[in-house]
Amino acid sequence: MAGSAIAAGTGWPLAGAAGEGREPNRKAIPSSGEEIPVIGMGTWITFNVADDPDALALRTEIVDTFFRRGGGMIDSSPMYGRAEAVVGHCLQELGHPEGLISATKIWTGSTGTGRNQHAKSLDLWGVDTLDVQQVHNLQNWEAHLETMREKREAGEIRYIGVTTSHGRRHNQLERILEREDLDFVQLTYNILDREAEERLLPLAREREVAVIANRPFRRKELIKRFESEPLPYWAGEIDCENWPQLLLKFIVSHPDVTCAIPATSVVEHMRENMGALYGPMPDDDMRQRMIEYVEAL
C-alpha cells in the first residue's frame, strides 16, 4: 500500500485559470505547524455510487481535477456507504497523487467494530497511514479516541479528532474540546450557520485544534438560494467569479477555520470550488459586508 503524507505542494500541474501561476492558500495545523490547502473535498452522498464503470470514471475525473487544482484533504466515513471504496479506487487509478491528506472516521457504538472500521479504512484507501482519523458525530467517542491514540502510536494515524454536523451536540463538543488533547475538530460552519463563532471556534483556537468546516453549502441549499441572485459588485476584490467561491472564501477566511470540505459529483463544480483556494481572502470588514449582503437577499 502507498503511504499518505502532507506535502508542501501537490506535484501536479494546475490546470485552467484557477491557480495558474499562483500558490494555493494554506493554513497550519496548530498541533504540528504543517500547512494544508484551505479547500478540501467531502464525499457524503456524492461518492456513494455503485461499482459502475461510468460512475467510477466520473469520480476519478473529479478527484483528478481536485488534485490538479491544488487540493489536499479528502474527507469520508464508513457511514457514507461505498464512498471510501470509491475514493480508494480513484486514488489507485491516479497513482496515489502526492499531497493527499486522507481524512476519515470511525462510526459505531461498538469499540471492537470501531477497530475493524479503522483497519478496513486503511485497506479501502490503500494507505499505510491515515492522516486524520475522527470520531463520527461523537459516537462512543471516549473509547474510539483511546483506539485512535493507540493506532497513532503504532504509526497508523497521524492526527486525531472528533466531528459533529448540522449544528448538533455543541455543548458536548465544547466539553470534549476543553478536556481532550485533539488535533482536529469538524463542525458545521457557513455564512448562515455561524453559531460555532460564539464558543467553539474561539475554544479551538485556545486549545490549538485545527477546524474542518462541513456543510459549507448546506448541501445544495445555499447554492440554490443564491445562484439566481447577482454576485455583489465587490466580489472581484477577492477574486470570486461565482457563488460557490464567495461562500467558501467566507468560511476559510475565518482565522480559526483551517479547511472547508464541499462535496460534488460534477467536474465543473469542482473547478468552481477550487477557485476559492486562490487569491486574496476577505478581511473582517469584507466578511461583515458578505453577511449583510446575503442576509438582505
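Start at 1 with the first residue, then count along the sequence.
Put simply, Val127 and Tyr80 are part of two different groups of oily side chains (I, L, V, M, F, W, Y) that touch within less than 4.5 Å, one to the next. Met148 and Trp107 are assigned to two separate hydrophobic clusters, defined by single-linkage of ILVMFWY side chains at heavy-atom distances under 4.5 Å. When the side chains of ILVMFWY residues are joined at heavy-atom separations under 4.5 Å, either directly or via intervening members, Leu58 and Ile45 end up in two distinct hydrophobic clusters. Linking Ile, Leu, Val, Met, Phe, Trp and Tyr whenever their side-chain heavy atoms come within less than 4.5 Å leaves Met79 and Leu124 in two separate clusters.
Using a distance-only test at 3.5 Å, with no hydrogens or angles considered, a donor-acceptor pair links the side chain of Lys27 to the main chain of Val257. Looking at Arg199, its side chain never comes within 3.5 Å of a backbone N or O of Ala196 through a donor-acceptor pair. Without hydrogens or angle criteria, Trp44 side chain to Ala83 main chain gives no donor-acceptor distance under 3.5 Å. Counting only distance, with no hydrogens or angles, the side chain of Lys151 and the backbone of Thr129 share no donor-acceptor pair below 3.5 Å. No donor-acceptor pair closer than 3.5 Å links the side chain of Arg59 to the backbone N or O of His89. The backbone N or O of Ser165 lies less than 3.5 Å from no partner atom in the side chain of Asn214, so there is not a single donor-acceptor pair. Side chain of Asp183 to backbone of Ile160: a donor-acceptor contact under 3.5 angstrom is found. With Asn25 contributing its side chain and Gly279 its backbone, the two residues share a donor-acceptor pair below 3.5 Å. Ser253 contributes a side-chain N or O that, together with a main-chain N or O of Phe250, makes up a donor-acceptor pair within less than 3.5 Å. The backbone N or O of Asp54 lies less than 3.5 Å from a partner atom in the side chain of Asp52, making a donor-acceptor pair.
Side-chain polar atoms of Thr104 and Glu84 form a donor-acceptor pair below 3.5 angstrom. A donor and an acceptor atom, one from each side chain of Glu197 and Tyr189, are located under 3.5 Å apart. In summary, the side chains of Glu241 and Gln245 do not present any donor paired with an acceptor at a separation below 3.5 Å, with no hydrogens or angles considered. Side-chain contact annotation: Gln186 with Asp75, donor-acceptor N/O pair under 3.5 Å present.
The minimum heavy-atom distance between His170 and Glu195, with the atom names listed, is ND1-OE2, 3.3 Å. When every heavy atom of Pro37 is checked against every heavy atom of Gly71, the shortest pair comes out as CG-C, 4.2 Å. Nearest heavy-atom pair, Pro244 versus Glu272, reported as atom, atom and distance to 0.1 Å: CG-OE1, 3.7 Å. His144 and Thr108 get closest at one heavy-atom pair: NE2-O, 2.7 Å. Of all the heavy atoms in Arg207 and Leu177, the pair that sits closest is NE-O, 2.8 Å. Contact detail for Lys105 and Pro78: the closest heavy-atom pair is O-CD, 2.9 Å.
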Discussion item. Does Met290 form a side-chain contact (heavy atoms from CB on, under 4.5 Å) with Ile191? I'd like the steps, not just the answer.
Written reply: CA-CA 8 Å; Met290 296 163 85; Ile191 199 164; 4.1 Å; yes
Item to complete: Show your reasoning for whether side-chain contact (heavy atoms from CB on, under 4.5 Å) applies to Asp239 and Tyr278.
Response: CA-CA 8 Å; Asp239 287 3; Tyr278 297 89; over 6 Å; no
Item to complete: Carefully, step by step, assess Val252 and Leu248 under the rule side-chain contact (heavy atoms from CB on, under 4.5 Å).
Response: CA-CA 6 Å; Val252 298; Leu248 288 171; 5.6 Å; no
Discussion item. Go through it in stages, so that I can follow the logic: the residues are Thr188 and Asp193, the test is side chain to side chain donor-acceptor pair (under 3.5 Å), and I'd like the CA-CA distance, side-chain angles, deciding distance and then a yes or no.
Written reply: CA-CA 7 Å; Thr188 295; Asp193 297 311; over 6 Å; no
Worksheet entry | Stepwise side-chain contact (heavy atoms from CB on, under 4.5 Å) test for Asn140 and Val135 | CA-CA 8 Å; Asn140 193 20; Val135 182; over 6 Å; no
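Distance CE/Met73 to CZ/Phe66: 9.0 Å, rounded to 0.5 Å. Rounded to the nearest 0.5 angstrom, Thr147 OG1 and Gln117 CD are separated by 11.0 Å. Separating the OG1 atom in Thr163 from the CZ atom in Arg169 is a distance of 8.5 Å, to the nearest 0.5 Å. From Glu156, atom CD reaches atom CD of Glu153 across 11.5 Å, with rounding to the nearest 0.5 Å. The distance from atom CG of Asp123 to atom NE2 of His118, rounded to the nearest 0.5 Å, is 11.5 Å. Note: Ile36 CD1 to Ile29 CD1 = 5.0 Å, rounded to the nearest 0.5 Å.
Comment: Arg215 does not engage Glu221 in a salt bridge, judged by the lack of any side-chain N to carboxylate O separation of less than 4.0 angstrom. We find that Asp64 and Arg68 are joined by a salt bridge, their nearest charged nitrogen and carboxylate oxygen being less than 4.0 Å apart. Residues Glu268 and Arg271 are paired through a salt bridge, judged by an N-O separation under 4.0 Å between the basic side chain and the carboxylate. A salt bridge links Arg115 with Glu150: the closest approach of a Lys/Arg side-chain nitrogen to an acidic carboxylate oxygen falls below 4.0 angstrom. Under a 4.0 Å N-O distance rule, the pair Arg152/Glu146 does not qualify as a salt bridge.
With contacts defined as side-chain heavy-atom distances shorter than 4.5 Å, the pair Val49/Val86 qualifies. Under the 4.5 Å side-chain criterion, counting only non-hydrogen atoms from C-beta, Ile39 is in contact with Met274. Side-chain contact between Ile238 and Pro282 is present, with at least one heavy-atom pair separated by less than 4.5 Å. When side chains are defined from C-beta on, Leu100 counts as touching Trp125, because their heavy atoms get closer than 4.5 Å. Counting heavy atoms from C-beta on, the side chains of Ile223 and Leu247 come closer than 4.5 Å. When side chains are defined from C-beta on, Ser31 does not count as touching Val209, because their heavy atoms never get closer than 4.5 Å. A heavy-atom distance below 4.5 Å is not found between the side chains of Trp243 and Phe217. Considering only heavy atoms from C-beta on, Cys240 comes within 4.5 Å of Lys249 through its side chain.
Membership of an apolar cluster is not assigned to Val266, as no side-chain contact below 4.5 Å to another ILVMFWY residue is traced.
Under the side-chain hydrogen bond (donor to acceptor under 3.5 Å, both in side chains) test applied with Thr43, the options Ser77, Ser76, Ser265 reduce to a single match, Ser76.
For Phe184, the ring-ring contact (aromatic ring centres under 6.0 Å, His included) partners at least two apart in sequence or on another chain are Tyr159.
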